[in-house]
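Order of the sequence lines fixes the chain letters, A, B, ..., with proteins taken first and strands second; residue numbering starts at 1 for each chain. Here the structure is a predicted model, which means the values were calculated and not measured.
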Amino acid sequence: MKPPGTLTQLGPLARRSLMRTLRSPQLLASGLFFPLFLYGMNIGGLEFATSLPGFPTESYPTFALSFTFVFAGIYAVMVAGSQLGDDIRSGFIKRQTLTPLAGPVLLLGHLTGVVAFAFGQTLVFLAVGFVVGASVEAGPGGVLVILLLVAFYALAMGSVGLMFALYTRSGEAVQALFPLLTGLLLLSSVNLPRELIQVDWYQTLTTYNPLSYFVEAPRSLMVEGWEAQPLFLGVLVTGAILVSALTQTAGSLRALSVAK
Amino acid sequence: MAELRVIQGPDAGHVAPLSGAIVVGRDPGCELVVGDDQVSRRHVRVVSDGGSATAEDLGSTNGTYVDGRLATGAEALRPGARIQVGDTLIEYAADVDTTRARPIVSAFEQQTRAETLPPAPPEAEKKWNGIEVYGLIREFKGGFRAVNELYLRVHPGEIYGFLGPNGAGKSTTVHMLTTLLPVSGGTAHVAGYDVATNAADVRATIGVALQEASLDPLLNAYEHMELQCSMQRLPKKEWKSRGEELIERVTLTEAADRRVGGYSGGMKRRLDLALALVNRPRILFLDEPTTGLDPKTRNDLWEEVARLAKEEGVTVFLTTQYLEEADQLADRVGIIDRGELVAEGTPDELKAEIGRPTAEVTPRVEGDAPAMAEVLKRFGEATPSARGVAVRLHGGADVLPDIVRALDGAGLQMENLELHAPSLDDVFLMQTGRSLEEHQA
């Protein structure tokens, strides 16, 4: 009988990663309810922003929904990083290291589970958004692209989580990134379009904040329809983060298998 | 002056002074002649310039190994380096003070050296299921040596008990032998493969259950098995049957669909063992597999390990700090202390080396123990024990009546008197001056 190929090996690894999230009530709650709670707070408290001159839409639920998508990306950092960190600390990684499983497949397994969960999160966020009045200007095709974009965010940010886990060898250390990334999200264009920010330093900060581009790509599909530039910038920034994180991660992979 | 000492082979005991260059071989014209038919006529040239020395193979048929590595040119020799030619092992002794008496090589060291064979079996012997460790060293940052020049050999199909207290270097050795930790010096071959250069081959051959059963608390046993089967690249059609077979073998079928987080320590250990067997390993490493288990679970695990060795021919390298485990389960035992092997043999051989039983006396009045120890000194080395005083007797059990009379004569009353046959703890005590049981306490 033939040994299984990489894709066949990937299945149980990805399933494990997904199961670990779905079977942890606290992870599930923080991954779904926390962003929806903040989304609710935003649309309840910042509705007035739509009356600002130049605000791109009259529907704040539509404008604000991008926050949840970016949160799914941040959440991917936590899930991928803390799962790998826990595996390193508990010694589970040694079991995997002692098998013929290639290191990249192991990491891909983690990422596939994380991306699958992010996909599910986005479906829930979109459904809740539609219920409270959000819409997607780009239509069903736009919904599909949003799903793909968030999956791409999760892949890139999940890689960042893996990179930190390999570096710190601790799930807790990766979780310590959460307040940092949440702060970074609040310093992006998540609450206001960049052009409407009056304070110079804040506008500069949002311009250099990569999460602004995470926010703006799906937002453009929801508010403007098909706009090439925000989509291009979103994909470009995400791709750069992915390549950078994977390069670093590949370097750290040796630590998983010390004596080749 | 430096010299070459033959420490293994037909000419063991021969010594050749090393000044300038000497040739080792079967040819009568060689400076060091060895009668080993695996050695070429002119096999290796050893050159000393007073401060340093090198060994260079002279195109021999079977090659020359220096500290376990095949010599490909003029190999530098460290003091104490071992040169392997055929079945003959030669030690390079630098700066020998010939005015002083030769150090006596202990019986154990001789035995260890005598068992040291070429560490790189030829291709044809790759199916060999043993372990050979040759001068293995693991040095951590700061220069601490957790394992210090370890020499041992595990024969195919045997259960080798690696006994020692916490921190002795057992787990570090297992980590090196299973390729999880790089070696700092020396060589080790597992199933014929060098752990430093053939890690993938070693991993394909072995099963490992480390000290902490590293399981995912959120997965059940079936899911663990599926994951392990996929990682071990078993054909997908086998995943279910192999998983069920192993789960049944470790008697976990009833709990197999429950999450592992709810398992007892024994159940986790059994699952860990089952996972280590997924790839049908030829050599199984078990790092303290029964630590913290209740006696029944421990016995069940011993039975399974013994069955694996006897019925399936699996070689088992088992670390333990339990004397009883090494005594009952292991065919041979290596005792490690502070990173060095201090004794090796079958449990019976090791205990026979001690040869002397111990009498343990429990005083009726607790405060009498020191006085009893004074009286008992004349029968052997008296030391405080958990129940009173233990005396390692100079002679045999026939002195027991004398002990009773002596204590009676001193007006000291006994609660109990027990005679213990020599144990592995006595062996440890003899080799290290410390008791393994005290370590455990």
Could you tell me if the side chain of A/Pro100 sits less than 4.5 Å from the side chain of B/Met231, heavy atoms only?
no

Looking at [X], I'd like to know if its [atom1] atom is crowded, meaning that more than 12 non-hydrogen atoms belonging to other residues, nucleotides or ligands lie closer than 6.0 Å.
X        : atom1 : result
B/Glu245 : CD    : yes
B/Tyr222 : OH    : yes
A/Phe164 : CZ    : no
B/Phe140 : CZ    : yes

Chain A contact via B/Glu223 - side chain, backbone, both or neither, heavy atoms under 4.5 Å:
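The side chain, not the backbone.
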
Quick check on B/Leu219 against chain A: is it the side chain, the backbone, both or neither that has a heavy atom closer than 4.5 Å?
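Looking at B/Leu219, backbone and side chain both touch chain A.
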
Nearest 0.5 Å, please: how far is [atom2] in [Y] from [atom1] in [X]?
X        : Y        : atom1 : atom2 : answer
B/Ser214 : A/Ile93  : OG    : CD1   : 10.0 Å
A/Gln96  : B/Gln228 : CD    : CD    : 8.5 Å
B/Arg203 : A/Thr97  : CZ    : OG1   : 6.5 Å
A/Thr8   : B/Trp239 : OG1   : CH2   : 6.0 Å

Can you see which heavy atom on [X] is nearest to which on [Y], and at what distance?
X        : Y        : result
B/Leu227 : A/Phe92  : CD2-CZ, 3.8 Å
A/Gln9   : B/Ser230 : NE2-O, 2.9 Å
A/Arg95  : B/Leu215 : NH2-CD2, 3.4 Å

Filtered by a 4.5 Å non-hydrogen cutoff, the part of residues 269-281 of chain B contacting chain A is B/Asp272, B/Leu275

Chain A contact residues among residues 168-175 of chain B, heavy-atom distance under 4.5 Å
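Result: B/His175.
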
Which residues share a salt bridge (Lys or Arg N to Asp or Glu O under 4.0 Å) with B/Glu244, sequence neighbours left out
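Listed in chain order: B/Lys240.
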
Could you list which of residues 16-34 of chain A have a heavy atom closer than 4.5 Å to any heavy atom of chain B, in residue-number order?
A/Arg16, A/Met19, A/Arg20, A/Arg23, A/Ser24

Quick one: of B/Val208, B/Asp216, B/Val183, who has the most non-hydrogen atom pairs under 4.5 Å with chain A?
B/Asp216

